[in-house]
Amino acid sequence: PLIETHAPKIATGLVATFRELDRKRMKRFADLIAHNIETLFGALSLAIPTAAKDRDAFIERGGGWATS
């Protein structure tokens, strides 16, 4: 019950930020958040919010020192 009540509330708050993140050119960050919501909710057998399902796939890329 704690998971079933708090996780959806937290996810609702997070997906509400997607439009603002997109506006601030932080689309990849919003996609990462959506991916994490999908992963967590799938593991918890909870319904994945539509706003998270509708995002583009987040593809992690290498970087840092190796690409310099």
Quick one: [atom1] on [X] to [atom2] on [Y], what's the gap to the nearest 0.5 Å?
{"X": "Arg28", "Y": "His35", "atom1": "CZ", "atom2": "NE2", "answer": "11.5 Å"}
{"X": "Thr17", "Y": "Arg23", "atom1": "OG1", "atom2": "CZ", "answer": "12.5 Å"}
{"X": "Ile33", "Y": "Glu38", "atom1": "CD1", "atom2": "CD", "answer": "13.0 Å"}
{"X": "Leu46", "Y": "Leu40", "atom1": "CG", "atom2": "CG", "answer": "7.5 Å"}

Can you confirm whether [X] is buried at [atom1], in the sense that more than 12 heavy atoms of other residues, nucleotides or ligands lie under 6.0 Å from that atom?
{"X": "Arg19", "atom1": "CZ", "answer": "no"}
{"X": "Ile3", "atom1": "CD1", "answer": "no"}
{"X": "Phe58", "atom1": "CZ", "answer": "yes"}
{"X": "Glu20", "atom1": "CD", "answer": "yes"}

message: Evaluate Lys27 against Asp56 for side-chain contact (heavy atoms from CB on, under 4.5 Å), listing each step before the verdict.
response: CA-CA 9 Å; Lys27 180 188 178 311; Asp56 290 336; 2.7 Å; yes
task: List in chain and number order the residues that pass salt bridge (Lys or Arg N to Asp or Glu O under 4.0 Å) with Lys53, two or more places apart in sequence or in another chain; answer none if no residue qualifies.
output: none
query: Can you name the side chain to side chain contact (heavy atoms under 4.5 Å, CB included) partners of Ala30, sequence neighbours left out?
result: Phe18, Leu21, Asp22, Arg55
query: Looking only at heavy atoms, which two atoms of Ala11 and Pro49 are closest? And how far apart?
result: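 The pair with the smallest heavy-atom distance is CB-CG, 4.1 Å.
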